[in-house]
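Worksheet for the structure shown next.
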Amino acid sequence: MISASRFWIFVVFVSFAVVVADECNEDINAVLPLPYANMTHVVCKPVWNSYIIRYSQSKDNVITIILSATYTSGYVAMGFSRDGMMLNSSAMVGWITRKGNPVIRQYYAEGFSPSQVKHDKGELPLTGIPPFVTVYGAKIHLAYQLKYPSQLKTQPILLAFSSKYPEHHLLSVHEDKTTINFDFSKGSSGSTSNSGKSPSPSNLHRSRTSHGVLGLLSWGLILPYGAIVARYFKHKDPLWYYLHVAFQFVGFIFAVATGFLGLSMYNRFGFHAPAHKGIGITAIVLSVLQVMAFFIRPDKDSKNRKYWNWYHHNVGRIALFFGALNVLLGIQLANAGSSWKIGYGLLLAAIILTSIVLEVFKLKTPSPNKFPPNPDFQMDPGH
């Protein structure tokens, strides 16, 4: 007998499969003009949320693409990227105006602000067949045709949408987006790795999120507060020392994990961000030097102690600077959205405010060696 839980899991699985099959079996030829209607050797793939990609690639490397998605208002976009990032990507964007007029244009992302996403520009090799967009039922359909010098294989694809209509062809910031590696040669979503497995969009999103969270925890929280403990709490000897070591050790582990995860993403998903990668490696190398310095720390009475202190303090500050810079660059490259920017902004504000308050207290509190206590006044025993 099949248990009730397994039965319902089976029912849900079958229902999902039926829905996906129905979506791909939906006949949209009646609302599409030639050559988008009645394409031969069509491959249909659900890729993200309600997004479905239908495509056909001919022997002369002409690829016809139809993007379908649930639509109520705003715009729908499908971008082609070199490295999986929005910067320098080209996209086909379609929408239906408030008056019911269909619009489909190519855009080029020179930057991240709406004014830097230029309409009627881009690197997509469009053919002479005009792109087409229409709404049929509850879905919008974007159709266009590209011609490449060779067969299009695995390609980083950006998918995004916004419920706000473009104003004067300026796109508002998208409300949600994703990046996938789509294999146009085999009709399978995801690029094939050395193990023969295809990384899914969920794996990509999970890796990017984990990379960002670890980076924020290490360079945005633990390591800066470890440095604050060392500067402002030395009067709590030896507690400050143990706290400083604990903070920096945990932060170092998180920073190394961030770096390894970032390198893994470069290898698995083919990202190309040399500045972000170079700064991250530099920050981690400086952190390794700090750990090595811990084991060669001279005694307090050693004449070399002042040189060690100079090295330790300045290398630590440089590492923190590069770490903070790389967090900002990573958020910008990933186009992570306002929640990440606000979160890191709050972390930076808390660190700066804490440092200012403690610096004021430090300046107002006299050093115990600066004003030695006066000896007690003693009466001459002869008087």
Side-chain angles (χ1 to χ4, degrees), residues 16 19-20 22-33 36-37 44-55 64-81 85-87 89-122 124 126 130-145 157-180 182 189 201-202 205 334-342:
F16 176 77
V19 170
V20 170
D22 286 344
E23 289 179 341
C24 279
N25 290 333
E26 180 185 7
D27 186 9
I28 59 174
N29 289 317
V31 299
L32 296 175
Y36 304 116
C44 179
K45 287 287 180 181
V47 287
W48 175 63
N49 289 347
S50 64
Y51 281 57
I52 297 173
I53 293 178
R54 295 177 175 88
Y55 72 93
T64 305
I65 300 173
I66 302 173
L67 174 68
S68 303
T70 301
Y71 182 78
T72 54
S73 63
Y75 67 82
V76 170
M78 178 178 176
F80 287 67
S81 171
M85 302 298 179
M86 173 183 169
L87 191 64
S89 65
S90 302
M92 295 302 297
V93 183
W95 68 92
I96 306 298
T97 67
R98 293 183 178 89
K99 296 182 179 180
N101 299 320
V103 180
I104 182 168
R105 291 176 177 267
Q106 183 177 184
Y107 282 78
Y108 183 73
E110 296 179 355
F112 299 101
S113 64
S115 62
Q116 293 177 306
V117 181
K118 306 295 185 179
H119 62 86
D120 297 325
K121 292 186 177 181
L124 294 179
L126 293 168
F132 180 79
V133 61
T134 188
V135 169
Y136 178 61
K139 288 184 176 292
I140 189 172
H141 305 282
L142 282 65
Y144 54 97
Q145 198 174 71
I157 294 295
L158 311 177
L159 301 171
F161 71 86
S162 173
S163 61
K164 297 181 180 179
Y165 291 100
E167 298 293 340
H168 305 292
H169 300 297
L170 289 179
L171 302 181
S172 59
V173 177
H174 47 66
E175 296 175 9
D176 200 3
K177 51 70 169 104
T178 191
T179 303
I180 64 173
F182 195 90
S189 180
S202 60
H205 178 72
N335 196 24
S338 58
S339 60
W340 284 83
K341 295 177 183 178
I342 293 173

Could you tell me the separation between the [atom1] atom of [X] and the [atom2] atom of [Y], rounded to the nearest 0.5 Å?
X	Y	atom1	atom2	value
Tyr144	Leu67	OH	CG	6.5 Å
Ser163	Glu175	OG	CD	3.5 Å
Ile157	Ile53	CD1	CD1	6.0 Å
Ile66	Asn29	CD1	CG	7.5 Å
Glu167	His169	CD	NE2	10.5 Å
Leu124	Ser89	CG	OG	9.0 Å

If you compare all heavy atoms of [X] against all heavy atoms of [Y], which two are closest, and at what distance to 0.1 Å?
X	Y	result
Pro166	Leu171	CG-CD2, 3.8 Å
Val93	Ala77	CG2-CB, 3.8 Å
Pro114	Val173	CG-CG2, 4.4 Å
Thr70	Ser50	N-OG, 3.0 Å
Tyr75	Lys164	CD2-O, 3.8 Å
Ala109	Met86	CB-O, 3.3 Å

I want to check something: taking the side chain as every heavy atom from C-beta on, are [X] and [Y] in contact at a cut-off of under 4.5 Å?
X	Y	result
Thr64	Gln145	yes
Met92	Ile65	no
Ile104	Phe132	no

Indicate the ring-plane relationship of [X] and [Y], choosing parallel, tilted or perpendicular according to the 30° and 60° boundaries.
X	Y	value
His119	Tyr107	perpendicular
Phe161	Trp48	tilted
Phe182	Tyr55	perpendicular

Heavy-atom donor-acceptor pair, Tyr51 side chain to Ala160 backbone, under 3.5 Å: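 Between the backbone of Ala160 and the side chain of Tyr51 there is a qualifying donor-acceptor contact (under 3.5 Å).
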Donor-acceptor under 3.5 Å (Lys99 side chain, Ile96 main chain):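 The answer is no, because no donor-acceptor pair under 3.5 Å joins these two groups.
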Chi angles and distances behind the side chain to side chain donor-acceptor pair (under 3.5 Å) call for His141, Ser68: CA-CA 4 Å; His141 305 282; Ser68 303; 2.6 Å; yes
